[in-house]
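Please read the structure below before turning to the comments.
Keep in mind that what you see is a predicted model, and the values were worked out from it rather than measured.
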Amino acid sequence: MIVGIVKEVIPGERRVAATPDSVTKLTALGFTVLVESRAGLAAGFDDGAYASAGATIRDTAGAWAAPVVVKVRPPAASEIGYLHAGQTLISYLYPAQNNALVDELKARGITSIAMDQVPRTTRAQKVDALSSTGNLSGYRAVIEAVTAMQRPLGGQTTAAGKIQPCTVLIIGAGVAGLAAIGTARSLGAIVRAFDTRPVVKEQVASMGAEFLQVEIEEDGSGQGGYAREMSPAFIAAEMALFARQAKEVDVIITTALIPGKRAPILITADMVRSMKRGSVVVDLAAEMQGNCELTVPGQAVDVNGVTVIGYTDLPSRMSLQASMLYATNIVHLLEEMGGAAAFAVDEHNDIVRPMTVLKDGVLMWPPPPSLPKPSASAPADKSAAAAVAAPARTPSGPQPAQKAHKSHGHGEPSGPPSASTWWLLLVAGLALFGVGLGAPPNFLTHLTVFVLACFIGYQVVWSVTPALHTPLMSVTNAISGIIVVGGMVQLGGGLTSAASILGIAAVFLATLNISGGFLVTHRMLKMFRR
């Protein structure tokens, strides 16, 4: 399977869909990678770096001729002509706003995967390009505000007097908003944040910002972690809040978006004119017409001494890092689609299906509320080679669906135990019965405790989600403490007693585990400290 990485033609776009490091990973997945000449030059990657990583450098037509074409921005009008039936296009697409583009791709029989339609699920985080670039956008928004301002964000004490810290209002505490909060706080600003979703209040507070609320209690949490439209009464209350805050704060950063719709107007022209001269508004929703009434997409404008920044290329202004993150998302997506050996657009895959806008020219967007389950009569295997090469990523059959369901806590029952399992249980039962007939009562008691301890230990480790294994090490300190006490009780017999030797080993290993648990806890706590 051949993957083509093409150069972005939108003015000002410096990102690229692959880096030399991601080319190495794609090659390891079995893909042949074609990179358009100078595609990564603006992001800091020359053709020689790609060639050294295993890619083949081609001209524009050669890269676009690949069966799978990967880019960042939606294809421009000048690029549509390169596409032909049977190709798979992976890029941002925004199908709700780009109906004409979707219709043109449909007419050409294209399969289109939209990177902006990644489902907001735990399993899909590895391909969530919106979150990875949103984090950079939030950071860059603060940097752009500082650049436009005529004073520092943080407070200072100088021989000439004291400089008061700036106050920053961040509207929307999603990925970009939280990144902006962290950046502004690290630069010494006083940060206030507002969001219609009460669930983010603790996240905002944990980062040292003040969470603003209106008196009307209404939850703005929508599907997939996005915000939903609020009631007229709530909107009126929040607009009044923003009007009061605009007179006080020095910087306003807006990030509010509603999927498939124009960005809501949150900062009116009157609010901007009421701000202090030298203040800044950074509108991260500028690409969707903006949250500020005076935003001009792609430009920074001066309104009565207030700078309104509507740049639509904030991730591109950090093209090196943004390209690395996006390229990693692409690697994970292509791996999820089966790699080169079993590449397919699987309608039962809970990550790929929601991202599929077109499949061979057939409109597949919006996705159904729930994914269809594989037919029981469908063939379970494509070929013996595919089954051996990638058993967990077979394009058809029940495996992907089962994996997806399990990851969300809705896995199907595994069915009744097999005959070998029953025989094993029977033999174990007879063995325990025989031990009970001839062994002393004390031994039987200790054996029972040992078996139960093994069972509980197994369940503690193997029945816990792998993502929780690190904090689990800290929690098991309590269990290890009990083992230390039990081992110390056995130390009275000296080194001539087998029980004493086992007790010494238990004390040593449990103490080692406790020390490691405290170390892990310390490292976890450091992650949340400034």
Side-chain angles (χ1 to χ4, degrees), residues 1 3-6 8-10 13 15 17 64 66-121 123-134 222-226 257-262 287-288 326-327 329-338 343-372 395-396 400-401 404:
M1 177 63 69
V3 174
I5 309 298
V6 298
E8 301 298 319
V9 298
I10 300 297
E13 180 56 71
R15 288 175 291 176
W64 277 95
V68 179
V69 175
V70 184
K71 64 190 311 292
V72 180
R73 294 274 188 167
S78 60
E79 298 174 310
I80 296 293
Y82 290 113
L83 294 169
H84 56 79
Q87 281 184 301
T88 298
L89 173 68
I90 301 175
S91 70
Y92 286 107
L93 194 59
Y94 306 107
Q97 288 81 30
N98 292 332
N99 293 328
L101 175 59
V102 172
D103 290 340
E104 197 159 359
L105 295 176
K106 179 180 178 181
R108 290 179 174 271
I110 302 298
T111 295
S112 180
I113 307 295
M115 293 300 293
D116 51 278
Q117 297 298 311
V118 177
R120 291 298 178 92
T121 61
R123 208 174 79 82
Q125 287 181 355
K126 60 185 179 180
V127 299
D128 193 351
L130 288 177
S131 293
S132 59
T133 56
Q223 292 184 349
Y226 292 97
L257 286 172
I258 298 175
K261 297 185 178 181
R262 186 205 187 282
E287 198 161 9
M288 296 301 172
Y326 185 79
N329 295 143
I330 292 297
V331 171
H332 290 155
L333 175 61
L334 292 175
E335 183 181 14
E336 187 69 32
M337 297 177 73
F343 182 85
V345 180
D346 188 358
E347 295 184 25
H348 307 299
N349 188 297
D350 61 324
I351 295 178
V352 178
R353 176 60 185 90
M355 299 173 63
T356 305
V357 178
L358 295 167
K359 185 174 182 180
D360 296 326
V362 178
L363 185 65
M364 306 289 286
W365 187 88
S370 58
L371 296 180
S396 61

Pairs of donor and acceptor atoms involving the side chains of residues 98-108, under 3.5 Å and at least two apart or interchain, shall be tabulated with distances.
{"unit_1": "N98", "atom_1": "ND2", "unit_2": "L93", "atom_2": "O", "d": "2.7"}
{"unit_1": "R108", "atom_1": "NH1", "unit_2": "L83", "atom_2": "O", "d": "3.1"}

[Y] backbone acceptor or donor facing [X] side chain under 3.5 Å:
X: E336; Y: V352; answer: no
X: R15; Y: R73; answer: no
X: K359; Y: V345; answer: yes
X: T111; Y: D360; answer: yes
X: Y92; Y: K71; answer: no
X: Q117; Y: V357; answer: no

Legend entry - Test log, rule side-chain contact (heavy atoms from CB on, under 4.5 Å), inputs L334 and M1: CA-CA 11 Å; L334 292 175; M1 177 63 69; over 6 Å; no
Contact summary for [X] and [Y], nearest pair of heavy atoms:
X: Y326; Y: S91; result: OH-CA, 3.8 Å
X: A66; Y: G4; result: CB-N, 3.4 Å
X: V72; Y: A17; result: CG2-N, 3.9 Å

Between [atom1] on residue [X] and [atom2] on residue [Y], distance to nearest 0.5 Å:
X: D116; Y: T133; atom1: CG; atom2: OG1; value: 10.0 Å
X: Y94; Y: M288; atom1: OH; atom2: CE; value: 5.5 Å
X: Q97; Y: K261; atom1: CD; atom2: NZ; value: 11.5 Å

Inset, instruction - State whether a side-chain donor-acceptor pair under 3.5 Å links D350 with T121. - result: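 No pair is found: no donor N or O on one side chain lies under 3.5 Å from an acceptor on the other.
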Legend entry - Check against side-chain contact (heavy atoms from CB on, under 4.5 Å), V6 and V69: CA-CA 7 Å; V6 298; V69 175; 4.0 Å; yes
Inset, instruction - Check the pair M364 / R353 against side-chain contact (heavy atoms from CB on, under 4.5 Å), numbers first and verdict last. - result: CA-CA 8 Å; M364 306 289 286; R353 176 60 185 90; 3.7 Å; yes
Inset, instruction - Enumerate the residue pairs fulfilling side chain to side chain donor-acceptor pair (under 3.5 Å) with a member in residues 80-89, sequence neighbours excluded, ordered by first and then second residue. - result: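 Residue pairs with at least one partner in residues 80-89: there are none.
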Inset, instruction - State, yes or no, whether a side-chain contact exists between I10 and P74 at a heavy-atom distance under 4.5 Å. - result: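 The answer is no; the side chains never approach within 4.5 Å.
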Legend entry - Working for side-chain contact (heavy atoms from CB on, under 4.5 Å), residues M355 and M115: CA-CA 7 Å; M355 299 173 63; M115 293 300 293; 3.7 Å; yes
Legend entry - Passing candidate, side chain to side chain contact (heavy atoms under 4.5 Å, CB included) with I330, options I113, V127, V70: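 Of all the options given, the one that passes is V70.
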